[in-house]
Amino acid sequence: MRVAVFNTKAYDRLYLEAASAHELTFIEAHLNVQTAPLAAGFAAVCCFVNDTLDEPVLRQLAEHGVQLIAMRCAGFNNIDLPACERLGLTVCRVPEYSPFAVAEHAVALVLDLNRHIHRAFNRVREQDYSLDGLLGFDLHGKTVGVVGSGKIGRAFARIMSGFGCQVIVSDPLVNDEMAGIARYVSAAELWADSDIISLHCPLLPATHHLINADTIAQMKPGVMLVNTSRGALIDTPAVITALKSGQIGYLGLDVYEEEGDLFFDDLSGTIIQDDVFARLTTFPNVLVTGHQAFFTREALAEIARVTLQNLTDYECGALPDASRVTGH
Ligand code: NAD
């Protein structure tokens, strides 16, 4: 298939080219209403979480003859799916690549926040070997609350259980694989009992701003909160208030509600216009990474393999249900 790959970084190109049996044209620009005409003459576009796939863009894609939108990610909350259905556009995605990549990054945030590794790194480079301000706590014996026991939540729970933590989980769906690793509890119990809370549920209307002033007030004072899932699970101004009061003692974020204008590009030397994000980055007990939890060699290879297989399967009329988001 002739595919316009939007929003391409050097690493995307490396892994997609290595696995490709299709005619890929790499375009550095994000897909949006200005760049959509670049898709003219292509049967498919390949996009990422921070491309714009709203109705005006989708209409242009359809007019230019695009039939398939192949997402090289799992999430699709940036796509107007009803508009795709109306316009006859098929959307596919990579439902699963490496749950370990994301779970291990969440663990990295927990370890770094607890033991202040980023601060220690800077100190040692300045020949400052003092320990004040670097005091941590044993993870062993602490209660870790996992919100969502899907593929990533389960991988995270297994690792934290290995540290000797008591792992509790809230999820409307009980997964048998958690037996012996974690105990299912209600959301209210999870907020009240956890020393560390890690979010691994999808962004849905029901989970939008799941972490808000009310749920934060139910948590243990000084709780550690980690979000590697989707930014809008958290009401950021409420979290900032809780960081100022000490109710939240540590915050690790790989995602941010308004990350679309920030993440994945080198903005060094520019002025951050988002005052909420700028405030977040001033706290010494806040660690933000720019949506990199998925970013391992294994995950990129698998994303490329499944994306290209989706193109082949679509051509053969055999797109698997797990990959198909809309269309036939
Ligand atoms: P999954 O579909 O396997 O699991 C999600 C789980 O959340 C399901 O078990 C579901 O029942 C549960 N859930 C739904 N609503 C819930 C609620 N209100 N409370 C508790 N649990 C609830 O998904 P996954 O592969 O484990 O991915 C989890 C999330 O991780 C994705 O939705 C995505 O947003 C995020 N993600 C982030 C990155 C990254 O790079 N930071 C990469 C991949 C995925």
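Note that ligands are numbered from 1 as they come in the structure, with each ligand's atoms numbered from 1 the same way.
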task = Name all pairs fulfilling the salt bridge (Lys or Arg N to Asp or Glu O under 4.0 Å) condition that reach into residues 206-227, sequence neighbours left out, sorted by first residue then second.
result = Asp195-Lys220
Identify all N/O pairs between ligand 1 and the protein with a separation under 3.5 Å and present them as a table of atom names and distances.
{"from": "ligand 1", "atom 1": "3 (O)", "to": "Lys151", "atom 2": "N", "distance (Å)": "3.0"}
{"from": "ligand 1", "atom 1": "3 (O)", "to": "Lys151", "atom 2": "NZ", "distance (Å)": "2.9"}
{"from": "ligand 1", "atom 1": "9 (O)", "to": "Asp171", "atom 2": "OD2", "distance (Å)": "2.7"}
{"from": "ligand 1", "atom 1": "11 (O)", "to": "Asp171", "atom 2": "OD1", "distance (Å)": "2.7"}
{"from": "ligand 1", "atom 1": "11 (O)", "to": "Asp171", "atom 2": "OD2", "distance (Å)": "3.4"}
{"from": "ligand 1", "atom 1": "26 (O)", "to": "Lys151", "atom 2": "N", "distance (Å)": "3.2"}
{"from": "ligand 1", "atom 1": "26 (O)", "to": "Ile152", "atom 2": "N", "distance (Å)": "2.8"}
{"from": "ligand 1", "atom 1": "30 (O)", "to": "Ser229", "atom 2": "OG", "distance (Å)": "3.4"}
{"from": "ligand 1", "atom 1": "34 (O)", "to": "Ser229", "atom 2": "O", "distance (Å)": "3.2"}
{"from": "ligand 1", "atom 1": "40 (O)", "to": "His291", "atom 2": "NE2", "distance (Å)": "3.4"}
{"from": "ligand 1", "atom 1": "40 (O)", "to": "Phe294", "atom 2": "N", "distance (Å)": "3.1"}
{"from": "ligand 1", "atom 1": "41 (N)", "to": "Thr228", "atom 2": "O", "distance (Å)": "2.9"}
{"from": "ligand 1", "atom 1": "41 (N)", "to": "Asp254", "atom 2": "OD2", "distance (Å)": "3.0"}

key: Atom CZ of Phe283: over 12 foreign heavy atoms under 6.0 Å   = yes
ILVMFWY cluster, Leu319 and Leu89 together (side-chain gap under 4.5 Å) = no
Can you list, pair by pair, the side-chain donor-acceptor contacts under 3.5 Å of residues 27-44, counting residues two or more places apart and other chains?
{"from": "His30", "atom 1": "NE2", "to": "Asp265", "atom 2": "OD2", "distance (Å)": "3.4"}
{"from": "Asn32", "atom 1": "OD1", "to": "Gln34", "atom 2": "N", "distance (Å)": "2.9"}
{"from": "Asn32", "atom 1": "OD1", "to": "Thr35", "atom 2": "N", "distance (Å)": "3.0"}
{"from": "Asn32", "atom 1": "OD1", "to": "Thr35", "atom 2": "OG1", "distance (Å)": "3.3"}
{"from": "Thr35", "atom 1": "OG1", "to": "His30", "atom 2": "O", "distance (Å)": "2.7"}
{"from": "Thr35", "atom 1": "OG1", "to": "Asn32", "atom 2": "N", "distance (Å)": "2.9"}
{"from": "Thr35", "atom 1": "OG1", "to": "Asn32", "atom 2": "O", "distance (Å)": "3.4"}

Which atom pairs, one a donor and one an acceptor, fall under 3.5 Å between side chains of residues 221-228 and the rest of the protein, sequence neighbours left out?
{"from": "Asn227", "atom 1": "OD1", "to": "Ser229", "atom 2": "N", "distance (Å)": "2.9"}
{"from": "Asn227", "atom 1": "ND2", "to": "Arg230", "atom 2": "O", "distance (Å)": "3.0"}

N/O donor-acceptor pair under 3.5 Å between Asp254 side chain and Ala293 backbone = yes
